[in-house]
Amino acid sequence: MSSISKLPLEKAPIVLLLPNEIGSRLKVKKEKLNAYLEDGMPHFLIGNDYRFLESEVVEWHKTYQPSQERLENDFRDQKGRTIQEYVTQETILATLRITKENLQALCKKGMPFERVGEKEFFHIQDILEHYRKGAVGKTKEPVTNQSKQKLLNPVNGTIPKDTYMIVVDGSYNFDIHIAGTGIVVFKHNQTVTGISNVRNLKTTKSIVSEFLALFDALRWMKKKNINKAIIVTDQEPWSKGISIGENSYQGSVKPFIKLFNQLLTELKGKFEVKFVGEISEGKNNVLYKKAHKLSQEYKKGTFNNLKLE
């Protein structure tokens, strides 16, 4: 630590706060602070480090209103669905073949919709179920433990009862430079668990998010002391062997590579990697689709008893 960083704050003519300090003053977590930065919160960028002047930030925060884009990105309904699963007013008008006046009247009478910021969004399936009358044939069967097992069976045989299945996927948003990962964990006669994570980092290669998804799966294995697992990814070369050199990527990605390689050594022999094409239905497999969806949440969270549809 330099002598400058040791300077007592009370002796500094102007005190610039660190990210964790301004987050504490505003009583927000890191993810919300990152959102504020994206929405124009005043700050100083000294090299690669953020600093903040409290008076400026507090004043800005008094009148802060999240952008429409921010509200839509952060939206999640009671069923855990994102805005991407909803449609706009124009689409629902074309679907139902009604006028705007009819739509407004139906909304007042209880037709389901969500208001996000200044816009209204509609989930087509919710609306169809709201107005459905009469029988529509065979009811869709729930995904049982047996059917989940069938969906996940690799082509080379059944899953051993002591082995976890971990389906992973990653997504990268080049507009706001964030990498999201999604993990779905399943074991015989147990509930399905979903895990999502997000990191702020700049890269020109979207495959970085796939690598981070695998990294998060290995971290989960170590944390839970898992001794046997099959990890499913859409990166086919990794099913034949994984080798990522520390110089493969630069900048903010590089530290993760070192940690990843340490995990590979620690967990050697405890897992094998399968290509998603080797499991039932491939990328249409319900658990892979769940992992993909979680990766696009760009949020950190754990979802126990994950529902499969």
Side-chain angles (χ1 to χ4, degrees), residues 31 73 82 84 151-152 154-155 164-186 192-224 226 229-268 270-303 306:
E31 291 76 12
N73 286 338
T82 65
Q84 282 73 31
L151 285 168
L152 277 173
V155 293
Y164 283 83
M165 294 294 300
I166 308 176
V167 186
V168 305
D169 195 36
S171 298
Y172 189 76
N173 189 316
F174 285 96
D175 294 327
I176 53 178
H177 307 296
I178 57 174
T181 63
I183 301 173
V184 173
V185 180
F186 170 68
V192 177
T193 299
I195 304 166
S196 63
N197 201 358
V198 63
R199 296 176 177 89
N200 288 71
L201 52 83
K202 289 188 177 181
T203 181
T204 59
K205 302 177 180 179
S206 60
I207 195 174
V208 165
S209 62
E210 307 290 351
F211 150 71
L212 290 172
L214 185 57
F215 171 67
D216 283 344
L218 295 179
R219 284 202 314 170
W220 181 86
M221 281 187 63
K222 181 179 178 181
K223 180 180 179 181
K224 297 295 184 178
I226 304 302
I230 295 174
I231 301 177
V232 179
T233 173
D234 61 7
Q235 300 302 304
E236 188 171 10
W238 291 350
S239 65
K240 299 176 176 63
I242 306 171
S243 178
I244 301 179
E246 290 192 25
N247 294 322
S248 300
Y249 303 97
Q250 301 298 320
S252 55
V253 181
K254 194 169 183 177
F256 291 107
I257 298 177
K258 184 176 182 180
L259 294 172
F260 176 75
N261 286 329
Q262 289 175 356
L263 284 173
L264 284 180
T265 300
E266 291 179 32
L267 300 175
K268 185 176 181 180
K270 294 185 177 182
F271 72 95
E272 60 177 313
V273 177
K274 293 285 185 182
F275 175 51
V276 68
E278 296 182 70
I279 64 175
S280 175
E281 299 185 19
K283 286 191 175 183
N284 289 321
N285 181 282
V286 64
L287 297 186
Y288 174 78
K289 290 170 72 174
K290 279 290 184 181
H292 179 68
K293 179 181 174 182
L294 286 171
S295 74
Q296 293 187 323
E297 293 285 334
Y298 298 116
K299 294 179 180 179
K300 186 174 183 178
T302 299
F303 312 95
L306 196 66

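Residue numbers count from 1 along this sequence.
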### Message
Could you check whether any side-chain heavy atom of K254 comes within less than 4.5 Å of a side-chain heavy atom of K258, counting everything from C-beta outward?
### Response
no

### Message
Would T82 and Q84 count as a side-chain hydrogen bond (donor to acceptor under 3.5 Å, both in side chains) here? Give the steps.
### Response
CA-CA 5 Å; T82 65; Q84 282 73 31; 2.9 Å; yes

### Query
When rounded to the nearest 0.5 angstrom, what is the spacing between OG1 in T193 and OH in Y164?
9.0 Å

### Task
Check L287, V167, V286, V185 against V192 for a side-chain contact (heavy atoms from CB on, under 4.5 Å) and give me the one that passes.
L287

### Task
Enter the distance from S171:OG to I178:CD1 here, rounded to the nearest 0.5 Å.
10.0 Å

### Task
Work out which heavy atom in I226 is nearest to a heavy atom in K270; give both atom names and the distance.
O-CD, 3.8 Å

### Heavy-atom donor-acceptor pair, E210 side chain to G170 backbone, under 3.5 Å
yes

### Task
Answer whether the closest heavy-atom distance between the side chains of L218 and I231 falls below 4.5 Å.
yes

### Message
Working note: Q262 + T265, criterion side chain to side chain contact (heavy atoms under 4.5 Å, CB included); need CA distance, chi angles, decisive distance, verdict.
### Response
CA-CA 5 Å; Q262 289 175 356; T265 300; 5.9 Å; no

### Query
Once you round to the nearest 0.5 Å, how far does CZ of R199 lie from CG of L212?
5.0 Å

### Query
Roughly how far, to the nearest 0.5 Å, is CD1 of I183 from OG of S196?
9.0 Å

### Query
When rounded to the nearest 0.5 angstrom, what distance separates CZ in F303 from NZ in K290?
10.0 Å

#### Entry: Closest non-hydrogen atom pair between E278 and S239, with its separation
OE2-CB, 4.3 Å

### Task
Using the six-membered ring wherever Trp is involved, compare the ring planes of F211 and F260 and label them parallel, tilted or perpendicular (cut-offs 30° and 60°).
perpendicular

### Query
Of all heavy-atom pairs between S209 and T181, which one has the smallest distance, and what is that distance?
O-CG2, 3.8 Å

### Message
Please find the pair of heavy atoms, one from D169 and one from Y288, that lie closest to each other, and give the distance.
### Response
OD1-OH, 3.5 Å

### Summary
Residues passing the salt bridge (Lys or Arg N to Asp or Glu O under 4.0 Å) test with K283, sequence neighbours excluded, are none

### Message
Ignoring hydrogens, what is the shortest heavy-atom contact between L214 and I242? Give both atom names and the distance.
### Response
CD2-CD1, 3.6 Å

### Message
If the threshold is 4.0 Å, N to carboxylate O, is there a salt bridge linking E31 and K300?
### Response
no

### Query
Tell me, do N197 and R219 make a side-chain contact under 4.5 Å, heavy atoms counted?
yes

### Query
Is there a side-chain contact between F256 and L201 (heavy atoms, below 4.5 Å)?
yes

### Query
Where the side chain of Y298 meets the backbone of N73, is there a donor-acceptor pair that is under 3.5 Å apart?
no

### Message
If the condition is side-chain hydrogen bond (donor to acceptor under 3.5 Å, both in side chains), which residues does K289 pass it with, not counting sequence neighbours?
### Response
none

### Query
How far apart are the closest heavy atoms of D234 and F275, and which atoms are they?
O-CE1, 3.5 Å

### Message
To the closest 0.5 Å, what do you measure between CZ (F215) and CD1 (I257)?
### Response
11.0 Å

